[in-house]
Amino acid sequence: MKHSKVAIITGAGRGIGAATAKLFAQNNFAVCINYKSDSVSANKVAKSITDIGGHCITVQADVSSETDVNHLFKTVDEQLGAPTVLVNNAGILRTQSRLEQMTAERINSILINNVTSYFLCCKEAVKRMSTRHGGFGGVIVNVSSGAARSGSPNEYIDYAASKGAIDTLTKGLSLEVAAEGIRVNCVRPGLIYTDMHADGGEPERIERLKSNIPMQRGGQPEEVAEAIYWLASDKSSFSTGNFLDLAGGL
Ligand code: NAP
């Protein structure tokens, strides 16, 4: 069945992506929950959506692979209809490290998963949404990070630099497609309670750092999802090329 409001959320099996998928479904979007490896978590998110009468599909795709991204968008075309919203959210980080310890393998893996993936998904979205290609417009929201501005010294400069690239992608693409019915905006979360920090080797990272946050607490994935939803909705209809920092004042 084809739907009029279709959102693709990459990396939606957990964390910010999962909260975003649920919020879009609550707002009558047909949602594509993309995941890379954890089908159990993706299916749980899907069940929580169908339990409240929402509509969604799960699609396994490594968004750093062009073949997989093509498969992801083709599946959405066939099962839900043309995407009206793309949320580029999937991302990785590696164990905290100084730059001298970073290998080319690590740096390239960060860049392909955090940057190439966003470019590939934007490309497929623009091909479908742009009035230049016969589309009816749409919205892209990129999930960057406060790290793009802090640089994450002694932790992960590679990750921070990948998010800096997402800020530049947002700016450039927003201008490239502004007259073609597509808005492109970005959220920059600060310290958000998800499993990502465990992947960086420090599950309790936010507890260590939260006294530096003016609001004295970390954020919840749902608080980021609300901002993503606003940027994707008609409520932000004159906003493009903009950045929303969600970091409790940090
Ligand atoms: P998370 O809990 O680690 O979840 C990330 C998800 O991305 C995972 O479910 C993973 O899927 C998926 N993923 C990773 N690489 C993928 C790929 N190549 N293809 C498809 N899916 C892939 O992360 P999060 O904390 O929610 O972060 C979401 C976004 O917010 C990321 O872009 C992150 O950089 C950004 N962010 C997070 C924070 C924070 O404090 N948490 C702060 C600033 C920015 P599988 O589990 O299936 O492998």
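Both counts, for ligands and for their atoms, begin at 1 and track the order of listing.
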Structural part of Asn113 in contact with ligand 1, heavy atom criterion under 4.0 angstrom =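 Side chain only; the backbone of Asn113 stays clear of ligand 1.
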
What part of Asn34 sits under 4.0 Å from ligand 1 if we count only heavy atoms: the side chain, the backbone, both or neither?
->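 Side chain only.
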
Any atom of ligand 1 sitting under 4.0 Å from a heavy atom of [X]?
{"X": "Ser41", "result": "no"}
{"X": "Arg188", "result": "no"}
{"X": "Tyr193", "result": "no"}
{"X": "Gly146", "result": "no"}
{"X": "Ala42", "result": "no"}
{"X": "Lys163", "result": "yes"}
{"X": "Asp62", "result": "yes"}

Shared hydrophobic cluster for Ile57 and Phe24 (ILVMFWY, side-chain gaps under 4.5 Å) |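 Yes; tracing contacts between hydrophobic side chains, which count when under 4.5 Å, links both residues.
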
Do Val45 and Met196 belong together in a cluster built from hydrophobic side chains that touch within less than 4.5 Å?
->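 No, no single cluster joins them.
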
Considering all heavy atoms of both residues, which atom of Phe243 and which atom of Asp167 are nearest to each other, and what is their separation?
->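 Of all heavy-atom pairs spanning Phe243 and Asp167, the closest is CZ-O, 3.4 Å.
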
Taking all non-hydrogen atoms of both residues into account, name the closest pair between Asn27 and Leu23 and its distance.
->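 Taking Asn27 first and Leu23 second, the nearest heavy atoms are ND2-O, 2.8 Å.
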
Distance filter under 4.0 Å to [X] heavy atoms, resulting ligand 1 atoms:
{"X": "Tyr118", "answer": "32 (O)"}
{"X": "Ile92", "answer": "14 (C), 15 (N)"}
{"X": "His197", "answer": "39 (C), 40 (O), 41 (N)"}
{"X": "Tyr159", "answer": "33 (C), 34 (O), 35 (C), 36 (N), 43 (C), 44 (C)"}
{"X": "Asp38", "answer": "45 (P), 46 (O), 47 (O)"}

Within a reach of under 6.0 Å around [atom1] of [X], are more than 12 heavy atoms found that belong to other residues, nucleotides or ligands?
{"X": "Lys44", "atom1": "NZ", "answer": "no"}
{"X": "Arg132", "atom1": "CZ", "answer": "no"}
{"X": "Lys2", "atom1": "NZ", "answer": "yes"}

Ser109 OG to Leu93 CG distance, which is reported to the nearest 0.5 Å =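 Going from OG on Ser109 over to CG on Leu93, the span is 10.5 Å.
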
How far is [atom] from its nearest protein heavy atom, and which residue and atom is that?
{"atom": "atom 1 (P) of ligand 1", "answer": "Arg14 NE, 3.3 Å"}
{"atom": "atom 44 (C) of ligand 1", "answer": "Ser144 O, 3.2 Å"}
{"atom": "atom 48 (O) of ligand 1", "answer": "Ser37 OG, 2.7 Å"}
{"atom": "atom 13 (N) of ligand 1", "answer": "Ala90 CB, 3.7 Å"}
{"atom": "atom 41 (N) of ligand 1", "answer": "Thr194 OG1, 3.1 Å"}
{"atom": "atom 30 (O) of ligand 1", "answer": "Val143 CG1, 3.3 Å"}
{"atom": "atom 6 (C) of ligand 1", "answer": "Gly11 O, 3.6 Å"}
{"atom": "atom 20 (C) of ligand 1", "answer": "Ala61 O, 3.3 Å"}

Sub-3.5 Å N/O-N/O distance, [X] and ligand 1:
{"X": "Ile192", "answer": "yes"}
{"X": "Ile16", "answer": "yes"}
{"X": "Gly13", "answer": "no"}

Name the one of Leu169, Val126, Thr240, Ile8 that satisfies side chain to side chain contact (heavy atoms under 4.5 Å, CB included) with Ile140?
->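 The single option meeting the side chain to side chain contact (heavy atoms under 4.5 Å, CB included) with Ile140 is Val126.
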
Could you pull out, from Ser39, Ser145, Pro221, Gly190, the option with a heavy atom nearest to atom 42 (C) of ligand 1?
->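 Shortest heavy-atom distance from atom 42 (C) of ligand 1: Gly190.
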
Do Thr194 and Arg14 touch side chain to side chain, with heavy atoms closer than 4.5 Å?
->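 They are not in contact (no side-chain heavy atoms under 4.5 Å apart), so the answer is no.
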
Just do the side chain to side chain contact (heavy atoms under 4.5 Å, CB included) check on Leu80 and Cys32 with the steps written out, would you?
-> CA-CA 8 Å; Leu80 300 179; Cys32 169; 4.2 Å; yes

Side chain to side chain contact (heavy atoms under 4.5 Å, CB included) between Asn114 and Ile166, intermediate numbers included | CA-CA 8 Å; Asn114 292 1; Ile166 296 313; 5.8 Å; no

Is there a salt bridge (charged side-chain N to carboxylate O under 4.0 Å, His left out) between Lys36 and Asp68 once you walk through the steps?
-> CA-CA 10 Å; Lys36 180 169 72 175; Asp68 281 20; over 6 Å; no

Do Glu222 and Lys22 sit within salt-bridge range, that is, some charged N less than 4.0 Å from a carboxylate O?
->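 The answer is no: the pair does not qualify as a salt bridge.
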
Which residue, Arg208, Gln96, Arg205, forms the side chain to side chain donor-acceptor pair (under 3.5 Å) with His197?
->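 When side chain to side chain donor-acceptor pair (under 3.5 Å) is applied between His197 and each of Arg208, Gln96, Arg205, only Arg205 qualifies.
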
